[in-house]
Amino acid sequence: MQKPSIPKGTRDFSPIEMSKRNYIFNTIREAFHLFGFQQIETPAMENLSTLMGKYGDEGDKLLFKILNSGNYLSGVDQNELSEGATNKLATKLCEKGLRYDLTVPFARYVVMNRNDITFPFRRYQIQPVWRADRPQRGRYREFYQCDADVIGSDSLLNEVELIQLMDDVYQRLNIRVAIKMNNRKILSGIAEIIGEPDKIVDITVAIDKLDKIGLENVNIELASKGISNEAISLLQPIILLEGHNFEKLSVLKNVLRTSEIGRKGVEELEYILRKIDLLKLHCELDVDLTLARGLNYYTGAIFEVKALDVEIGSITGGGRYDNLTGVFGLPGVSGVGISFGADRIFDVLNQLDLYPQDSLLTTQILFVNFGEKEEEYCLPIISELRKAGIRVEMYPEAAKMKKQLGYADTKKIPYTAIVGENEIKERKIMLKNMQTGEQKLMNIEQIIVSLH
RNA sequence: GUGGUUGUAGCUCAGCUGGUUAGAGCGUCGGUUUGUGGUGCCGAAAGUCGCGGGUUCGAAUCCCGUCUCCCACCCCA
């Protein structure tokens with residue numbers, strides 16, 4: 001028999017891992033609720049036409065496509081097969097694909113349900129997504145995203161709220177992070193003033209290397225990308241941008257004064273920073289011009305969250321998109337959203353071992369099984385304890401005590417209840433603290449009180 | 001998609017330039033006066049040496065292919 005395996009880039013989760021993951025999901029969900037977001041779900045698979053073309057050429061390659069059922073070769077002639085035009089063929093063989101993110105299916109949902117939605121719509125969604133990427137550390141082919149978006153409102157207050165939401169979640173999870181913020185309009189403005197509108201990506205990639213390779217090499221790289229000397233000298237203040245957010249802002253204001261879109265971007269950034277300044281954030285918020293993520297559909301603010309204590313890609317990302325539903329026939333609906341990467345957060349939390357003690361929902365009391373008579377005495381007690389919200393299990397057979405206590409030990413069950421003839425006679429329960437070894441004869445009420 | 005790397009017991013690994021029945025630690029299971037776990041002691045089970053082919057009298061070891069793992073690029077959560 002062949003050894004069983006799972007597809008690459010996917011993982012199984014054990015009971016302990018699941019309780020850790022649920023701690024993350026619950027924490028995020030709780031924060032979402034506090035900020036007034038409401039949950040929806042969408043199917044794992046979408047029509048391929050919904051997904052294709054929304055993530056750029058790269059994204060299209062990373063889509064998992066689902067082979068049609070039945071005779072999927074009907075309607076395909078031999079010539080097409082031998083030509084090997086895989087992309088074209090794929091659209092004939094596959095009508096469905098696994099979702100690549102939660103934002104595009106959400107846009108589709110909004111368009112389909114526009115008559116029932118009251119705008120502005122604050123929705124959240126916690127579901128897995130799939131990407132046919134090459135797996136690496138912190139990169140999986142199946143992973144969960146936790147998205148919160150506000151759609152149908154241009155107000156920058158939404159951006160301010162989402163920043164608070166990110167701050168809140170990471171404070172609850174006790175992960176030290178930095179929120180990076182940029183604005184797509186500022187990047188457009190920069191491209192405009194140096195007259196190189198197609199080179200934004202090259203510019204941000206080069207600027208990002210400043211710490212590693214130094215100013216001189218950054219300029220060399222820019223030149224090698226075909227950017228003129230004049231443009232490079234205009235870029236200098238931006239490459240060397242330093243200091244507090246408001247200091248950066250004033251440099252940008254000056255550099256971008258002749259670009260209308262650039263000024264708009266700076267204005268937006270300033271508004272957000274001023275409002276955030278009124279609040280007390282726990283984490284740092286940095287203006288970072290090298291942040292160019294999601295260039296394909298973001299149009300305003302761009303966010304990214306980096307963990308400070310673990311080397312891993314960004315653990316949350318998001319931004320403002322002005323016209324996402326336009327491609328589905330509903331123009332003019334603006335949205336802004338963020339996406340928490342639950343699997344990376346899981347990796348961070350594991351590495352730092354930041355799970356609170358009570359987040360692991362293991363059994364609290366194991367009843368040791370002595371035999372049938374004792375079982376009959378214990379069962380009503382157990383059900384009483386469960387009614388009081390205490391997690392209880394009984395060892396299912398009258399095995400040796402050593403074995404039963406060993407079971408409690410490996411499962412890290414904090415208490416065992418030892419009920420034999422003596423306890424039955426006294427109508428009590430011997431509760432043993434597995435950590436200290438201490439044990440006390442108690443009745444049900446005492447146990448309920450002491451475990452709460 | 002491009003380049004590099006890894007693969008031996010459930011886990012972490014050893015196995016020298018090819019040579020008999022492939023080893024260790026941890027873990028698992030059992031025993032260690034049947035109402036007390038974590039430590040100790042004794043014992044046991046467990047491996048198509050990733051898979052397929054080749055070279056050879058003989059391959060875990062050499063060669064080719066393939067898959068997988070991890071890493072860099074790309075992209076991203």
Side-chain angles (χ1 to χ4, degrees), chain A residues 1-12 14 24 28 55-63 86-87 99-103 126-147 166 177 201 204-205 209 291-298 302-307 310-319 337-348 366 368-371 374 395 398-424 430-439 441:
Chain A
M1 213 196 347
Q2 208 186 331
K3 269 190 187 170
S5 62
I6 55 174
K8 69 166 154 187
T10 64
R11 330 186 255 184
D12 284 326
S14 68
I24 297 169
I28 292 173
Y55 310 103
D57 293 344
E58 282 298 320
D60 281 355
K61 276 187 221 153
L62 299 180
L63 283 171
T86 44
N87 228 348
R99 75 166 95 80
Y100 178 88
D101 71 358
L102 301 177
T103 309
I126 298 178
Q127 290 190 271
V129 303
W130 295 270
R131 295 183 188 176
D133 217 341
R134 231 191 242 196
Q136 242 174 78
R137 184 194 324 171
R139 169 175 303 190
Y140 305 97
R141 291 186 141 184
E142 176 184 65
F143 60 96
Y144 272 77
Q145 291 194 327
C146 312
D147 275 32
M166 290 188 267
V177 297
V201 176
T204 55
V205 167
K209 293 181 180 164
L291 225 190
R293 63 188 320 287
L295 227 46
N296 40 0
Y297 56 75
Y298 290 131
I302 308 171
F303 310 110
E304 190 167 292
V305 177
K306 284 244 168 207
V310 173
E311 196 65 40
I312 198 164
S314 75
I315 53 179
T316 292
I338 50 171
S339 176
F340 292 87
D343 289 81
R344 286 188 178 169
I345 294 172
F346 178 61
D347 291 347
V348 168
L366 173 82
V368 173
N369 191 327
F370 279 92
E374 290 84 352
Y395 201 82
K400 283 182 183 164
M401 204 153 162
K402 177 186 168 81
K403 187 165 181 176
Q404 300 194 42
L405 292 179
Y407 172 83
D409 202 47
T410 48
K411 272 189 78 175
K412 298 206 162 50
I413 297 174
Y415 293 95
T416 47
I418 298 168
V419 183
E421 244 177 279
N422 304 338
E423 287 78 11
I424 293 178
M430 184 66 85
L431 191 72
K432 179 185 174 81
N433 180 327
M434 292 297 279
Q435 206 153 31
T436 61
E438 220 180 317
Q439 46 191 57
L441 212 52

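In the text below, chain A, chain B and the rest are named by the order of the sequence lines, each starting its count at 1. Values in this document were obtained by computation on a predicted structure and should not be read as measured data.
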Base, sugar-phosphate or nothing for [X]? Non-hydrogen atoms, less than 4.0 Å.
{"X": "A:Tyr140", "result": "base"}
{"X": "A:Gln435", "result": "base"}
{"X": "A:Gly437", "result": "base"}

Candidate nucleotides [options], ranked by approach to the side chain of [X] - the nearest:
{"X": "A:Leu405", "options": "B:rC75, B:rU36, B:rU28", "result": "B:rU36"}
{"X": "A:Lys8", "options": "B:rG35, B:rU28, B:rC69", "result": "B:rC69"}
{"X": "A:Phe370", "options": "B:rG37, B:rG35, B:rC73", "result": "B:rG35"}

Problem - Under 3.5 Å: donor-acceptor pair, side chain of A:Arg131, backbone of A:Tyr140 - result: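 No: the side chain of A:Arg131 does not pair with the backbone of A:Tyr140.
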Handout entry: A:Arg344 side chain to A:Ser314 backbone, donor-acceptor under 3.5 Å
Key =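 Between the backbone of A:Ser314 and the side chain of A:Arg344 there is a qualifying donor-acceptor contact (under 3.5 Å).
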Rounded to the nearest angstrom, tell me the gap between atom [atom1] in [X] and atom [atom2] in [N].
{"X": "A:Arg137", "N": "B:rC75", "atom1": "CZ", "atom2": "P", "value": "19 Å"}
{"X": "A:Asp409", "N": "B:rU39", "atom1": "CG", "atom2": "C1'", "value": "11 Å"}
{"X": "A:Lys61", "N": "B:rC73", "atom1": "NZ", "atom2": "C1'", "value": "13 Å"}
{"X": "A:Leu62", "N": "B:rC76", "atom1": "CG", "atom2": "P", "value": "9 Å"}
{"X": "A:Gln136", "N": "B:rU6", "atom1": "CD", "atom2": "C1'", "value": "15 Å"}
{"X": "A:Asp133", "N": "B:rC76", "atom1": "CG", "atom2": "P", "value": "10 Å"}
{"X": "A:Leu441", "N": "B:rU36", "atom1": "CG", "atom2": "C1'", "value": "15 Å"}
{"X": "A:Asn369", "N": "B:rG35", "atom1": "CG", "atom2": "P", "value": "13 Å"}

Establish, with yes or no, whether the OP1 or OP2 oxygen of [N] is under 4.0 angstrom from a side-chain nitrogen or oxygen of [X].
{"X": "A:Lys400", "N": "B:rG31", "value": "yes"}
{"X": "A:Arg131", "N": "B:rC76", "value": "no"}
{"X": "A:Lys403", "N": "B:rG30", "value": "yes"}

Exercise for the section: Return the orientation label for the A:Tyr395 and A:Tyr407 ring planes: parallel under 30°, perpendicular over 60°, tilted otherwise. Expected result: perpendicular
Exercise for the section: Could you list by number each residue of residues 411-423 of chain A showing a heavy-atom separation from RNA chain B of less than 4.0 Å, or answer none if no residue does? Expected result: A:Ile418, A:Gly420, A:Glu421, A:Asn422, A:Glu423
Exercise for the section: Give the dot-bracket string for RNA chain B, reading 5' to 3', where a pair is Watson-Crick or G-U wobble with both distances under 3.5 Å, ( ) marks pairs inside the strand, [ ] marks pairs crossing earlier ones, | marks a partner on another strand, and . marks unpaired. Expected result: ((((..(..((((.....[...)))).(((((.......))))).....(((((..]....))))))..))))....
Exercise for the section: Please state whether the base of B:rU36 and the side chain of A:Lys402 form at least one donor-acceptor pair under 3.5 Å? Expected result: no
What N/O pairs connect the protein and nucleotides 2-5 of chain B at under 3.5 Å? Give each pair on its own line.
{"from": "B:rU2", "atom 1": "O4", "to": "A:Arg134", "atom 2": "NH1", "distance (Å)": "3.0"}
{"from": "B:rG3", "atom 1": "O6", "to": "A:Arg134", "atom 2": "NH1", "distance (Å)": "3.0"}

Completion exercise
Whichever of A:Lys306 and A:Thr10 has the more 5' nearest nucleotide on RNA chain B, that residue is A:Thr10
